[in-house]
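Both counts, for ligands and for their atoms, begin at 1 and track the order of listing.
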Amino acid sequence: MIKLHDLKKTYFLTKDNSVNALKNINLEIKEGEFVAIIGKSGSGKSTLLNVISCMDSKYTGSYKLDDKEISKKSKRELAKIRNTNFGFIFQSFNLLNKLTAYENIELPLVYKKVRKKNRRAIIESIAEDLDIKDRLKHKPIELSGGEQQRVAIARALVTNPKVILADEPTGALDQKTGKQILNILKSLNKKGQTIIMVTHDLELAKNAKRIVTISDGKIISDEKVKTK
Ligand code: ADP
């Protein structure tokens with residue numbers, strides 16, 4: 001589904017100062033995979049995630065999504081590709097505090113122009129799966145961290161994205177709650193959801209089925225996780 005070939009990304013800081021954040025990245029991710037991208041701070045994880053999620057188009061090399069070359073697409077086309085293919089989960093949840101949980105989950109459906117009368121059933125079904133149905137009228141501030149992240153997962157899933165991109169999804173949670181969130185991601189993957197998770201934490205990465213390690217802008221290992 002995702003194929004990166006000889007991908008390079010350079011940040012130009014000044015006329016004669018630049019950072020090669022990604023160097024010759026070759027990476028293929030197939031439908032149904034659960035991949036962790038792991039690396040130290042500054043290794044290039046966010047840069048890679050920005051490329052994969054179509055936030056960044058200023059790189060060289062090839063990026064094919066479902067066999068379509070997207071490295072040369074316009075910003076507008078990329079935004080459309082992003083909205084139809086990717087769901088995002090962040091460390092800090094990134095919920096809108098003025099909206100209720102329901103309204104946060106609803107937002108991607110509004111952008112997707114799904115009719116109001118059709119939205120409720122979709123939202124309630126996902127909320128039921130994530131055990132937050134009785135929290136939907138609450139605002140984020142009235143929810144625990146784990147509940148907020150489950151609302152964020154619901155928001156990511158509501159448009160039925162091909163890929164879930166999770167950036168340190170348990171980084172702001174205690175261990176027990178983090179584990180619950182990981183179990184949710186694992187069970188989504190079991191049902192066929194493709195997941196790419198970025199983290200600096202090896203223990204967390206071991207929950208994925210495959211670990212891609214990035215260091216200094218290069219992939220230095222790519223291994224299947226042994227099941228215990
Ligand atoms: P990570 O997510 O693994 O911490 P990043 O992708 O953020 O790594 O960074 C990779 C390298 O690119 C680092 O050297 C970082 O300083 C540099 N970098 C990241 N973003 C920018 C930017 N917007 N401008 C200039 N350099 C950047």
Shortest non-hydrogen separation from N97 to K139 and the atoms involved: O-CD, 3.6 Å

Short N-O contact, K206 and E203, less than 4.0 angstrom: yes

Surrounding NZ of K64 (heavy atoms of other residues, nucleotides or ligands, distance under 6.0 Å), is the total greater than 12? no

Would you say L13 has any N or O atom under 3.5 Å from an N or O of ligand 1, going by distance alone? no

Please verify whether a non-hydrogen atom of K40 lies at under 4.0 Å from ligand 1. yes

Inspect the surroundings of CG in L13 and state if more than 12 heavy atoms from other residues, nucleotides or ligands are less than 6.0 Å away. yes

Looking only at heavy atoms of G39, does any of them come nearer than 4.0 Å to an atom of ligand 1? no

Top protein contact for atom 23 (N) of ligand 1, by heavy-atom distance: Y11 CE2, 3.6 Å

For atom 20 (N) of ligand 1, is the nearest protein heavy atom closer than 4.0 Å? yes

In this structure, atom 8 (O) of ligand 1 is nearest to the protein heavy atom G44 N, 3.1 Å

What are the two closest non-hydrogen atoms of K9 and D56, and how far apart are they? NZ-OD2, 2.9 Å

Which residue and non-hydrogen atom of the protein lie closest to atom 2 (O) of ligand 1, and at what distance in Å? S46 OG, 2.5 Å

Between K45 and D167 (salt bridge meaning N to carboxylate O under 4.0 Å), is one present in this structure? no

For ligand 1, is there an N or O atom under 3.5 Å from any N or O atom of G42? yes

Do T47 and Y11 meet the criterion of a side-chain donor-acceptor pair at a distance under 3.5 Å? yes

Residue, atom name and distance, where the atom is the protein heavy atom closest to atom 6 (O) of ligand 1: T47 OG1, 2.5 Å

